[in-house]
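By convention in this document, chain letters (A, B, ...) are assigned in the order of the sequence lines, proteins followed by strands, and residues within each chain are numbered from 1.
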Amino acid sequence: AQSVTQLGSHVSVSEGALVLLRCNYSSSVPPYLFWYVQYPNQGLQLLLKYTSAATLVKGINGFEAEFKKSETSFHLTKPSAHMSDAAEYFCAVSDGFNKFYFGSGTKLNVKP
Amino acid sequence: GAVVSQHPSRVICKSGTSVKIECRSLDFQATTMFWYRQFPKQSLMLMATSNEGSKATYEQGVEKDKFLINHASLTLSTLTVTSAHPEDSSFYICSARSLAGGNTGELFFGEGSRLTVL
């Protein structure tokens, strides 16, 4: 079975500061991992994905995530936060078939 | 990336009426689409998997007679909320995976449809 835990339902950073959103997963098979971003009243947009290639994955808008098997983690980072990064972020795991399992989400607030 | 479109984006209806939400993959074919429900300040809950040309597969606890899903073509799936009640008010999101993406392909999401039942 697959599951995702996102630590911290709300994260607040200052503009220009490091963004770190945490995601830990549980999977009985080699996982495929994803980070999505959701703006208010919109669907989800893919930021990046890990599919068993390089463990450090670079995505859009300057985000990246590192797959650490030993820690069962896939934390999302961005060196310097921008006001436009304020949104809700979801980590998801897939077993490679059709089902995706989403974390509870982390709302990122960026202070000026 | 691939585009998934949902319509309507917002709908308000009276209790007891039925509402249909459409989900279209605009530039790719999707044999499988997924319907999610998102409650306020919560994550997405998978409701059902919509399979082109066959019956949908519902998740445990989701009433199939309440949430009718039809996947008539490779680019269109519909969700009909029958005899809607206020507790059905929610944000419904569809998603699809491009055939080209294979098993590692990401899901492409529609914009979501906010249903308010009065």
Trace of the side-chain contact (heavy atoms from CB on, under 4.5 Å) decision for A/F100 with B/F34: CA-CA 10 Å; A/F100 277 59; B/F34 306 90; 5.9 Å; no
hydrophobic_cluster_shared for B/Y58 and B/L44, side chain cutoff 4.5 Å: no
Please classify the contact of A/Q38 with chain B as side chain, backbone, both or neither, using a heavy-atom distance under 4.5 Å. side chain
Please check if A/F102 and B/Y92 belong to a single hydrophobic cluster, counting links between Ile, Leu, Val, Met, Phe, Trp and Tyr side chain heavy atoms closer than 4.5 Å. no
What is the minimum heavy-atom distance between A/S104 and B/S43, and which atoms define it? CA-CB, 3.6 Å
For the hydrophobic clusters of this structure (ILVMFWY residues joined by side-chain heavy atoms under 4.5 Å, transitively), does one cluster hold both B/M33 and B/L74? no
Might you point out which heavy atoms bring B/F109 and A/L44 nearest each other, and give the distance in Å? CB-O, 3.3 Å
In terms of hydrophobic clustering (I, L, V, M, F, W, Y; side-chain heavy atoms under 4.5 Å; direct or indirect links), are B/M45 and B/I21 co-clustered? yes
Hey, quick one: are A/V37 and B/F108 part of the same hydrophobic cluster, counting side-chain heavy atoms closer than 4.5 Å, chains of contacts allowed? no
Those residues of residues 54-67 of chain A, ordered by number, that approach chain B below 4.5 Å (heavy atom to heavy atom): none
Under 3.5 Å, side-chain donor or acceptor atoms of residues 110-118 of chain B against the rest of the protein: list the pairs with distances, not counting sequence neighbours.
| residue | atom | partner | partner atom | Å |
| --- | --- | --- | --- | --- |
| B/E111 | OE1 | B/Q6 | N | 2.8 |
| B/S113 | OG | B/Q6 | NE2 | 2.9 |
| B/S113 | OG | B/P8 | O | 2.6 |
| B/R114 | NE | A/N41 | OD1 | 3.2 |
| B/R114 | NH2 | A/N41 | OD1 | 3.2 |

Verify side-chain contact (heavy atoms from CB on, under 4.5 Å) between B/Q38 and A/F90, making sure each step is shown before the conclusion. CA-CA 12 Å; B/Q38 186 177 31; A/F90 291 94; 3.4 Å; yes
